[in-house]
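All values below come from the heavy atoms of this structure, side chains included, with hydrogens, waters and symmetry mates left out. These numbers were taken from a predicted model, which means no experiment stands behind them.
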Amino acid sequence: THLSVPRAGVEAEIVTIGITDTGNLDVPPNLVQVGWYQFGPTPGAPGNAVIDGHVGDGGRLPGVFNKLHLLKLGDDIVITLADGTTQHFTVSQTEVYDYTKFPAESVFLGTAQPVLKIITCHGQFVPRANTYSQRLIVTAVLKQ
């Protein structure tokens, strides 16, 4: 129900998301919530749990993940689940990809380990495409 990323100043409600009509990962309906991909594992369960959110609206307003790029290896991420339990993750990797080369397989197909993948836009806003030029993907592993 809640995502906390202290270094990035994130304190956000988690909403469920799915897939768009065009087959892409959906996004939360506003700039302040984050979306959990409901067809994947719950954060803390084996596999890649995927959360996404907006970096901004293309220039005027910042989104929930406007400071996600500040994360460093070892930073904490905490998710509070619906039952009140918390799952603590540690950032293990950050990657940036061109928006046309999104690595869907490595994001959605996980291993037996509990992993969290956080996705947001990055780079410059491209008005003709109505999106940003890149995607930032933060990978975090469950603290044992």
Chemist: At what distance, to the nearest 0.5 angstrom, does CZ of R135 lie from SG of C121?
Modeler: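 Between atom CZ of R135 and atom SG of C121 there are 3.5 Å.
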Chemist: Could I get the full list of side-chain hydrogen bond (donor to acceptor under 3.5 Å, both in side chains) partners for T111, not counting sequence neighbours?
Modeler: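 Listed in chain order: nothing, the list is empty.
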Chemist: Locate the shortest heavy-atom distance separating T139 from E95; write the atom from each residue and the value.
Modeler: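 Where T139 meets E95 most closely, the heavy atoms are OG1-OE1, 4.3 Å.
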Chemist: Taking the side chain from N48 and the backbone from S106, do they hold a donor-acceptor pair closer than 3.5 Å?
Modeler: yes
Chemist: Determine, using the 4.5 Å side-chain heavy-atom cutoff (strictly less than), whether V50 and L68 are members of one ILVMFWY cluster.
Modeler: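 Shared cluster, no.
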Chemist: How long is the gap from CG on L81 to CG on D83, to the nearest 0.5 Å?
Modeler: 5.5 Å
Chemist: Mind listing the closest non-hydrogen atom pair of T94 and L71 along with its distance?
Modeler: CG2-O, 4.4 Å
Chemist: For the residue pair P28 and V15, what are the closest heavy atoms and their distance?
Modeler: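 That would be CB-CG2, 4.3 Å.
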Chemist: I want to check something: taking the side chain as every heavy atom from C-beta on, are N24 and F102 in contact at a cut-off of under 4.5 Å?
Modeler: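 The answer is no; the side chains never approach within 4.5 Å.
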Chemist: Say you draw a straight line from CG of L136 to NE2 of H69; how long is it, rounded to the nearest 0.5 Å?
Modeler: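 One gets 9.0 Å once the value is rounded to the nearest 0.5 Å.
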Chemist: What's the spacing between Y97 OH and H122 NE2 if we round to 0.5 Å?
Modeler: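 Y97 OH to H122 NE2: 13.0 Å, rounded to 0.5 Å.
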Chemist: Of all heavy-atom pairs between S133 and G123, which one has the smallest distance, and what is that distance?
Modeler: OG-CA, 3.6 Å
Chemist: Who passes ring pair (Phe, Tyr, Trp, His ring centres under 6.0 Å) against F39, sequence neighbours left out?
Modeler: Y37
Chemist: According to a hydrophobic-cluster definition based on side-chain heavy atoms being under 4.5 Å apart (Ile, Leu, Val, Met, Phe, Trp, Tyr only), do L116 and L142 belong together?
Modeler: yes
Chemist: Would you say that L25 contacts I17 through its side chain, given a criterion of any heavy-atom pair below 4.5 Å between the two side chains?
Modeler: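 Answer yes - side chains close enough.
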Chemist: Find out if a path of hydrophobic residues (ILVMFWY) with successive side-chain heavy-atom gaps under 4.5 Å connects I137 to V55.
Modeler: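 Different hydrophobic clusters.
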Chemist: Can you tell me how far the CD1 atom of I19 sits from the CD atom of Q38, to the nearest 0.5 Å?
Modeler: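 Going from CD1 on I19 over to CD on Q38, the span is 9.0 Å.
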Chemist: Hydrophobic cluster membership, with links at side-chain heavy-atom distances under 4.5 Å among I/L/V/M/F/W/Y: are V32 and L61 in one?
Modeler: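 As far as the 4.5 Å side-chain criterion goes, L61 and V32 are not connected within one cluster.
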Chemist: Would you say D21 has more than 12 foreign heavy atoms packed within less than 6.0 Å of its CG?
Modeler: no
Chemist: Given the rule in the side chain to side chain contact (heavy atoms under 4.5 Å, CB included) test, do W36 and I79 qualify, once you have shown the distances and angles that lead to the verdict?
Modeler: CA-CA 11 Å; W36 163 65; I79 294 182; over 6 Å; no
Chemist: Take the angle between the ring planes of Y132 and F125 and call it parallel below 30°, perpendicular above 60°, tilted in between.
Modeler: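 Perpendicular: the ring planes of Y132 and F125 meet at over 60°.
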Chemist: Please report the interatomic distance CG(L3) to CZ(F65), rounded to the nearest 0.5 Å.
Modeler: 5.5 Å
Chemist: Report yes or no: do V126 and V96 belong to one cluster of Ile/Leu/Val/Met/Phe/Trp/Tyr joined by side chain heavy-atom distances under 4.5 Å?
Modeler: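 Cluster IDs for V126 and V96 differ.
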Chemist: Could you check T120, I77, V34 and say which one makes a side-chain contact (heavy atoms from CB on, under 4.5 Å) with I51?
Modeler: V34
Chemist: Of all heavy-atom pairs between H54 and N30, which one has the smallest distance, and what is that distance?
Modeler: CD2-O, 3.1 Å
Chemist: Minimum heavy-atom separation for D57 to R60, with atom names?
Modeler: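 Nearest heavy atoms, D57 then R60: OD1-N, 3.0 Å.
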